[in-house]
Each structure stands twice: as C-alpha cells, then as structure tokens.
S.K.: 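Take this structure first; my questions come after.
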Amino acid sequence: MVKVITYGTFDLLHYGHIKLLERAKALGDHLIVGVTADDFDKKRGKINVQQTLMERIEAVRKTGLADEIIVEEYEGQKIDDIKHYGIDIFTVGSDWTGKFDYLNEYCKVIYLERTKGVSSSDIRTVRNELKIGLIGESVVVLSKFVSECAFVNGIKVAGICTRNKENLSGVLSALPLVTTDLTSLLSQVDAVYVVSHPSMHYEHVKQALEAGKHVLCESPITLNAAQCEELFALAQEKDCVLSEGIKTAYSTAYNRMILLAKGGKIGDIVSVDATCTSLRGIDYSDQAQLEQTWNSLSAWGPTALLPVFQLLGTDYKEKQIVSRVGNEQYRYDEFTKVTFLYPHAVASIKVGKGVKSEGELIISGTKGYIYVQAPWWKTDYFEIRFENPEDTKRYFYQLDGEGIRYEIVAFVKGVEQKRTIPSISLKVSLEISKIMDDYHGNKTVVNI
C-alpha cells in the first residue's frame, strides 16, 4: 500500500483545494491530510484564516478524499509524521516548489501544479473587503494600527477623522480621506477604529453605531458604566459589532496562560497582581496637552484589569482605589492602585504614567504560581513555578505585532459573522467602565 501525505490550511475550501486533494489521492492508496492549526499559522505569519480549525477539518472530511486527517501543530512535524505513518509520498502545491526538497531523505516529494485563478486569499478579499476609518489623535497607536492592517487580508484603511493632522502627517499621507468631520468619514467606511480621548468615546461610538457602522474601540469604551451598557444595547439593535480593543486579550501566550490557570495548573487561585507603568512627562500648565492625554487609569487600567476579571470574575466584595493625582481638573493620575477583595481571593493592579515599577504579572495559587516577566502585556513567554524549582514549566508562543494584528483579525471575522468574537466578555467590558466611572466620580478613591 502506497501512503501519501499532504498539508494545508484549507481555509474557505474551494475548487482548487479539491483538485489538489484529488491529484494527491491519485498518487497512492491511502491519503493522509494534515490540516494546519491556527497557532501554527500565526507563527508563520498567516493570520488571516477565516474559519476555525474544526470547521476546516470538517470541510476536508466532507470531500471524502482523505482517508485520515491529522492536525499540524509545530515546526518539524512533517518529518515526525512521515516516520510515524510510514509515508511513501509527500506532496504539496507547486507554489512550494523546492521548499520541501529536504524531505526526499525520508520519502518521495512531489509538487503538484495548482489550479490557476483561484485562491483562498482572493476569496477572502472578495467576501470581506472591510473599509475601516480611524478616529483619534494618538500618533503611536494609530501608526501601529495602520501598519498591522497591512498583515491582515480583507481590510482597508479608508480614512481618518482627527484633530491632530500636524503630528500625524506620516500616517495621513497614505490615506485617501483626512477630515475633522466624523459624518464625512462615516459615509465612506464600513467600520471605525476609535482611539480618541476616552472622554469622547461615548459620543464617537454612538454616532458610528447609529450610522450602522461596526466599531473597534480602544478600552475603556466609556468612562461611564450606564453609557457602556447603552452602547452595547445599541450595537445589538443596529446588528453591528462593538468590540473592545485590548491587544493583550488576543495574544496566544496570554490566552494559554489564562486557560492553564483556570484549569487548575496552580491549584486554587488566591491572588492576582498586575503592574503596568510607563513614564510619560506631561506639562500641567498646557491645557491642550491635558485635554488630549490619557490618564494612567484609562491608558493602563483596562489591560491590568483584564487578568483579574478573567480569572476571578467581576463579583468582588470590596474594592479600593488609591491615586496620586497630578491634575484634579482633568483627573490626571500619575499613579493608581486598585485592590479587590473576593470571597476566596484578592487582587491588585498598579498603573502609572508618572511612576515607574516592574511591569510583571503574578498569579498565585495553592500549588504554585504563574510568573510573566515585564512587559507582561506583550508576553510571548511565561513560567509556571512550583516549590521545587526543577518542576518549573516554561511556555513560549510567538507574538507578532504586539497582538494588534490578531485583534484586527478577530474584529474582521466578527464583522463577517455578525457577532463579536468573545475575547473580552460583556461583563468584563462593563466592569472596566464601572471602575473608570468610580474613579472619575471620586467614589471609593483615596488620594495620596
């Protein structure tokens, strides 16, 4: 019996895929198809896959051409599979010609001519040419977002609404529309990315949703809990996606860490401590700067709160907010610490733009603890440590684009499916806005 193996993503399975599988099947008696896992695709930079792994496996199964289906999860697996399954022929499309010649040492390698004129990339582009507009003033954030959009298929940055044209000249030069009128921008796009000052989020998001546009909004969505709830209800009414932008929530390492912690790897979780700081000088006599600058809690609070609420939930018994306030009028805090008391656990976050500290995340449990080194919010590596140092487990997952491109992919996929991809739950979004509401309303706040 001649065994044949081939690999592919098989996203949006089309005629070209089927023809390739038919030709692979004809090479032998038993065809094994390796379907590439989502994480492995991310590591290779191919992050615009539209279907889940299970959906892609099912599509391959329905062709009736695969005698066996396996999952490709890591570098070097092809050699392991060839040895394990006793493969006689390895085959892939001709666009990979020469790439897998090294496998000739283990079996025969055949490159099959691909069907011309059809590809998953073309299908994605036709199905999902999402025109997105930008709203905001932040040079750093907007520049990164535009740059990362280039790595995601099916999305086009169509314009920007900003009051900061002078400093954003590098970003604006590549955009077809630059305006200070939000209505003009909304008439030209399908969705918007909101990174304006948090005090303007409610107004900008509401106007976009009322115009029937999908919204990706940097967290916090609002500084008021009732307004946040109102916006999510409006999004549902308008059949629009409203997604909260916290890039950390979309990184592979972070999600694996959360799953391991929830799965009892360190026993019962007793404490979560997250720190996020960055020194940002601000001139308190410059009113224009104060009006546009995010304070410490708005800039860092959502990220620091994410693991607390995702691991311990939002039903805490008590909380206290302690702040060092540099300017009371604009509630600009140089440093803020928020502590939470849960029935069986405690948590704390420390955030600051005027105070520097080690940006680490520590999750303490009854069997061990998880340690994520600074800057933990951009982690590609974490450790699970136990009493015996020899038992330490180390985990590494490649992180591209600080997680921003994964966030964009999730948003695009959500728009296509008309549902918010639940990386951040509604409960967490509402609780983040509630913390902001309490701070700006000076509730449970101690000033130092």
Side-chain angles (χ1 to χ4, degrees), residues 2-14 16-115 119-121 123-124 151-153 250-253 255-256 259 380 395-400 405-406 409-410 413:
V2 177
K3 287 190 174 183
V4 181
I5 194 165
T6 189
Y7 296 84
T9 302
F10 301 106
D11 189 36
L12 305 175
L13 192 81
H14 53 69
H17 288 139
I18 295 172
K19 293 301 293 181
L20 193 70
L21 290 174
E22 285 177 346
R23 280 176 280 170
K25 177 85 169 178
L27 293 174
D29 307 300
H30 185 87
L31 175 63
I32 300 175
V33 177
V35 180
T36 306
D38 296 341
D39 287 344
F40 188 44
D41 263 337
K42 287 179 182 178
K43 291 173 186 175
R44 298 189 301 169
K46 189 176 182 180
I47 61 162
N48 52 359
V49 174
Q50 297 291 301
Q51 294 177 298
T52 66
L53 175 61
M54 294 311 298
E55 287 171 333
R56 292 183 282 120
I57 288 174
E58 180 61 15
V60 171
R61 187 191 66 77
K62 284 182 176 179
T63 67
L65 295 167
D67 296 294
E68 198 170 342
I69 299 174
I70 61 174
V71 178
E72 183 184 23
E73 299 182 276
Y74 60 89
E75 291 282 357
Q77 183 176 331
K78 292 180 177 67
I79 293 175
D80 290 344
D81 289 343
I82 289 168
K83 291 179 178 178
H84 177 74
Y85 294 103
I87 299 300
D88 300 289
I89 298 173
F90 168 89
T91 185
V92 287
S94 57
D95 52 333
W96 293 98
T97 297
K99 175 72 174 177
F100 298 106
D101 285 355
Y102 70 94
L103 295 177
N104 276 309
E105 182 181 342
Y106 306 95
C107 66
K108 185 177 182 180
V109 176
I110 297 176
Y111 298 100
L112 296 171
E113 190 64 33
R114 294 181 69 94
T115 305
S119 74
S120 296
S121 295
I123 293 172
R124 290 188 203 103
F151 291 94
V152 180
N153 199 5
Y250 300 87
S251 75
T252 302
N255 280 289
R256 291 294 183 270
L259 286 173
D380 55 8
Y395 300 82
F396 176 84
Y397 301 89
Q398 184 169 324
L399 178 68
D400 296 303
R405 68 182 68 169
Y406 307 150
V409 168
K413 187 181 291 187

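The residues of the chain are indexed from 1 along the displayed sequence.
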S.K.: Might you work through the side-chain contact (heavy atoms from CB on, under 4.5 Å) test for Ile18 and His14, ending with a clear yes or no?
M.R.: CA-CA 7 Å; Ile18 295 172; His14 53 69; over 6 Å; no

S.K.: Quick one: does Thr91's side chain have a donor or acceptor within less than 3.5 Å of a partner on Thr6's backbone?
M.R.: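 Not confirmed, Thr91 side chain does not pair with Thr6 backbone.
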
S.K.: In residues 97-109, what donor-acceptor pairs under 3.5 Å come from side-chain atoms, sequence neighbours left out?
M.R.:
{"residue": "Thr97", "atom": "OG1", "partner": "Ser94", "partner atom": "O", "Å": "2.6"}
{"residue": "Asp101", "atom": "OD1", "partner": "Tyr111", "partner atom": "OH", "Å": "2.8"}
{"residue": "Asn104", "atom": "OD1", "partner": "Val109", "partner atom": "N", "Å": "3.3"}
{"residue": "Asn104", "atom": "ND2", "partner": "Asp101", "partner atom": "O", "Å": "3.1"}

S.K.: Out of curiosity, Ile32 CD1 to Ile87 CD1, how far, rounded to the nearest 0.5 Å?
M.R.: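 Output value for this atom pair is 4.0 Å.
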
S.K.: Would you mind checking if Lys78 and Glu72 are paired as a salt bridge, meaning a charged N to carboxylate O distance below 4.0 Å?
M.R.: yes

S.K.: Run the side-chain contact (heavy atoms from CB on, under 4.5 Å) test on Leu112 and Ile110 for me, step by step, so that the C-alpha distance in whole Å, both residues' side-chain angles and the decisive distance to 0.1 Å come before the verdict.
M.R.: CA-CA 6 Å; Leu112 296 171; Ile110 297 176; 4.1 Å; yes

S.K.: To the closest 0.5 Å, what do you measure between OG (Ser251) and CZ (Arg256)?
M.R.: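 Output value for this atom pair is 10.0 Å.
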
S.K.: Quick one: side chain to side chain contact (heavy atoms under 4.5 Å, CB included) partners of Asp81, sequence neighbours excluded?
M.R.: Ile5, Tyr7, Ile70, Gln77, Tyr85

S.K.: Hey, what do you get for OG1 (Thr63) to CG (Leu21), rounding to the nearest 0.5 Å?
M.R.: 5.5 Å

S.K.: Has the side chain of Arg405 got a donor or acceptor atom that lies under 3.5 Å from a matching backbone atom of Val152?
M.R.: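 Flag not set: sc Arg405 to bb Val152 has no pair under 3.5 Å.
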
S.K.: Considering residues at least two apart in sequence or located in another chain, which fulfil the side chain to side chain contact (heavy atoms under 4.5 Å, CB included) criterion with Lys25?
M.R.: Leu31, Asp67

S.K.: Would you please name every residue forming a side chain to side chain contact (heavy atoms under 4.5 Å, CB included) with Ala66, sequence neighbours left out?
M.R.: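 Partners of Ala66 by the side chain to side chain contact (heavy atoms under 4.5 Å, CB included) criterion, ordered by chain and then number, come out as Val33, Val60, Ile69.
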
S.K.: Who passes salt bridge (Lys or Arg N to Asp or Glu O under 4.0 Å) against Asp95, sequence neighbours left out?
M.R.: Arg114

S.K.: Of all residues at least two apart in sequence or in a different chain, which pass the salt bridge (Lys or Arg N to Asp or Glu O under 4.0 Å) check with Glu22?
M.R.: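 So Glu22 forms a salt bridge (Lys or Arg N to Asp or Glu O under 4.0 Å) with Lys19.
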
S.K.: To check you understand the geometry: which heavy-atom pair defines the closest contact between Tyr397 and Ala253, and what is its length?
M.R.: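 Scanning both residues completely, I find the closest heavy atoms to be CD1-CA, 3.7 Å.
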
S.K.: Would you confirm whether Asp88, through its side chain, and Lys3, through its main-chain N or O, come within 3.5 Å as a donor-acceptor pair?
M.R.: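 Pair found, side chain donor or acceptor close to backbone of Lys3.
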
